[in-house]
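Below, read A as the first sequence line, B as the second, and so on, with proteins coming before strands; counting in each chain starts at 1.
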Protein chains: 2
Amino acid sequence: MNSSGDGIAQARETGTLGKLMVLLDLVTHADGPLRFTDILALAGQPRGTLHRQLSHLVEEGLLELDGDGRYAPGLRLLDFAARSWARNEFRLIAEPHLAELQQATGETVHLGVLRGQSIIYLDKVDGRQPVRMYSQIGNASPCYCTGVGKAALSLLPADLLADLLADLSFTRFTASTHVSAETLLAEIREIAVEGYAFDREEHEAGIRCVAAPVWSEDRTFIGGISITGPAYRLSMELLRQWAVPVQRAAGRIMEGMRIRLGPRR
Amino acid sequence: MNSSGDGIAQARETGTLGKLMVLLDLVTHADGPLRFTDILALAGQPRGTLHRQLSHLVEEGLLELDGDGRYAPGLRLLDFAARSWARNEFRLIAEPHLAELQQATGETVHLGVLRGQSIIYLDKVDGRQPVRMYSQIGNASPCYCTGVGKAALSLLPADLLADLLADLSFTRFTASTHVSAETLLAEIREIAVEGYAFDREEHEAGIRCVAAPVWSEDRTFIGGISITGPAYRLSMELLRQWAVPVQRAAGRIMEGMRIRLGPRR
DNA sequence: AAATTAAGTTCCAAATAATGGAATAATGGT
DNA sequence: ACCATTATTCCATTATTTGGAACTTAATTT
């Protein structure tokens, strides 16, 4: 979709780790395995430096080098992620409420959190099948054109929101994608009042959603949940009706967090 | 299950990245979030050093620091892994054959590859009657007590196998877990001749499987596929009957790899 | 409430690892 | 066999990391 990092973290690109992460980003966001020369052109590092950096990443299993000398993301990342996901408290607490929402509507339900300028999907409950771990889970999507993203932005204090919007660069995915901070900000203000957000085919044509914000008291998690489906089945009127159950589910998740984590954090 | 890295890669623990990966391993393999002092004790680094290292990992989104000053795996890992998984060629090629095998048997099918001393599960197709078991895409499991693991080991040349066994430390999960290199080696030799492997409740009590080895011609992927299920439903006799279809599916996956990647690599 | 202990953070000279330009080696196409 | 492209190694220079100690903050005890 986009070949360069769309800012999942505000990470500096200096320091040994920072530079290596840029490379990891490059390779994981590419459309396929990259050869040394490809990365050389993209990274703009001297040959010797790049070669050693890639060697280190391969040695650690973060990248893999195939028989044709092409670099691909390493499988060690899967192990890290599986553990990161399996024990995530926010997800564990939200899980039953997502399932309930799916039961009530029959449509796909998502849980996502804001990280940098991206929404990372933490869970998904599909109408037809049980969760397929990485089919969608883990994917980072832009915050400005997703229901969960806009719901999350509506929770930010004005100064943080302003900072985020200032750094944001817009990609037009469909005819209705926001492409300016002004119109986006106007909608976010509305969402903050209403308490729910829509995605009117802004990320993918033919796909609509209604979302409600969710956050943990210590503000570690700022995100949202959504009901998503095809526009032909989900009229805007139906989505408006679903705003209430989505908000209720969001409320129950936050309640669950309070109970689980205790009041004084 | 085990709190220290069980060797998914042979990675050196020197160099800036190596040391940081040790920390990432520590935190992701822990049973829950760790405080600074916990990590200090586990990592054996000087305070100042550790503090900066953790700061860098947090800054890059590889770790997260919650309101109580506890470190947990970062969600950025999910994004990396989602991409690593989504475009993995081996998995993509194997997918239809796994589904077919699941259709034919009705039981859960796994695809795993050997990385270091661990099997990383790349895919899983749930059976018609899902069984609660400890398996998840991305999870690293020991090679010496899983069907896929033993099938993979049977593909290794003698010298590499000897090296791997020499470094292996055994944990007894059930009464039938291999706990010595000798008995394991004997079974692996048998598997190399027969072309399929069993897991006789060696990793999890009440869970059996039959597996067949799968590899890519360039040896980038050495792993296997398996049919897994509860012992009360899967008699050893039934598993023996399934050895043939599993091997056939394995053969078709390897054929798919040859076609997809071309013969001369 | 003050004292005590523990936990977490910052500082900076010394040790170590990363850098990058250039030379060398390997690969692949004709 | 040749040439062009691509990948790897080398090493003096440069930048980053290191780690002991001092310092700040938070928690616990007296």
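- Rounded to an integer number of Å, the gap from CG of A:L50 to P of C:dA18 is 14 Å.
- Side-chain nitrogen and oxygen atoms of A:T16 include at least one within less than 4.0 Å of the OP1 or OP2 phosphate oxygen of D:dT17.
- Ionic pairing of B:R258 and B:E255 is present here: one or more N-O contacts between side-chain nitrogen and carboxylate oxygen are shorter than 4.0 angstrom.
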Between protein and nucleic acid, restricted to nucleotides 7-13 of chain D and to nitrogen or oxygen atoms under 3.5 Å apart, what atom pairs and distances do you find?
unit_1 : atom_1 : unit_2 : atom_2 : d
D:dA7  : OP2    : A:T37  : N      : 2.9
D:dA7  : OP2    : A:T37  : OG1    : 2.1
D:dA7  : N7     : A:R47  : NH2    : 2.5
D:dT8  : OP2    : A:H51  : NE2    : 3.1
D:dT8  : O5'    : A:H51  : NE2    : 3.2

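- With sequence neighbours excluded, the residues satisfying salt bridge (Lys or Arg N to Asp or Glu O under 4.0 Å) with A:R91 are A:E95, A:D123.
- Side-chain nitrogen and oxygen atoms of A:Q45 include none within less than 4.0 Å of the OP1 or OP2 phosphate oxygen of C:dT19.
- Counting to the nearest Å, the C1' atom of D:dT18 and the CG atom of B:L54 are 15 Å from each other.
- When the C1' atoms of four end pairs are superposed on the next four at each end of the helix from C:dA1-D:dT30 to C:dT30-D:dA1, using five pairs per end, the two resulting axes differ in direction by 50°, to 10°.
- Atom P of nucleotide D:dT17 and atom CD of B:E59 are separated by 11 Å, given to the nearest angstrom.
- Checking side-chain atoms of A:D68 against main-chain N and O of A:R70 turns up no donor-acceptor pair under 3.5 Å.
- Computed from coordinates, the B:Q53 CD to D:dG19 C1' distance equals 11 Å when rounded to whole Å.
- Contact detail for A:A140 and B:R83: the closest heavy-atom pair is O-NH2, 4.1 Å.
- Using modelled atom types, one side-chain atom of B:Y144 and one backbone atom of B:T171 make a donor-acceptor pair closer than 3.5 Å.
- Taking atom NE2 of residue B:H56 and atom P of nucleotide C:dT10, one finds them 12 Å apart after rounding to whole Å.
- Listed for the A:R115 side chain is no donor-acceptor partner under 3.5 Å among the backbone atoms of B:R76.
- Rounding to whole angstrom units, CZ of residue B:R70 and P of D:dA26 are separated by 18 Å.
- When every heavy atom of A:C143 is checked against every heavy atom of A:L114, the shortest pair comes out as CB-CD1, 4.0 Å.
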Determine all donor-acceptor pairs shorter than 3.5 Å in which one atom belongs to a side chain in residues 32-55 of chain A; sequence neighbours excluded.
unit_1 : atom_1 : unit_2 : atom_2 : d
A:D38  : OD2    : A:R35  : N      : 2.9
A:Q45  : NE2    : A:Q53  : OE1    : 3.3
A:S55  : OG     : A:H51  : O      : 2.8

Distances for protein N or O near nucleotides 23-25 of chain D N or O, under 3.5 Å:
none

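- Rounded to an integer number of Å, the gap from NZ of B:K19 to P of D:dT17 is 10 Å.
- A donor-acceptor pair is defined here as one N or O able to donate and one able to accept, closer than 3.5 Å; no such pair exists between the side chain of B:S84 and the backbone of B:F80.
- When each of B:V113, B:I253, B:I93, B:L111 is paired with B:F221, the side chain to side chain contact (heavy atoms under 4.5 Å, CB included) condition holds for B:V113 and for no other.
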Which atom pairs, donor and acceptor, lie under 3.5 Å between side-chain atoms of residues 151-165 of chain A and protein residues at least two apart or in another chain?
unit_1 : atom_1 : unit_2 : atom_2 : d
A:S154 : OG     : A:A151 : O      : 2.6

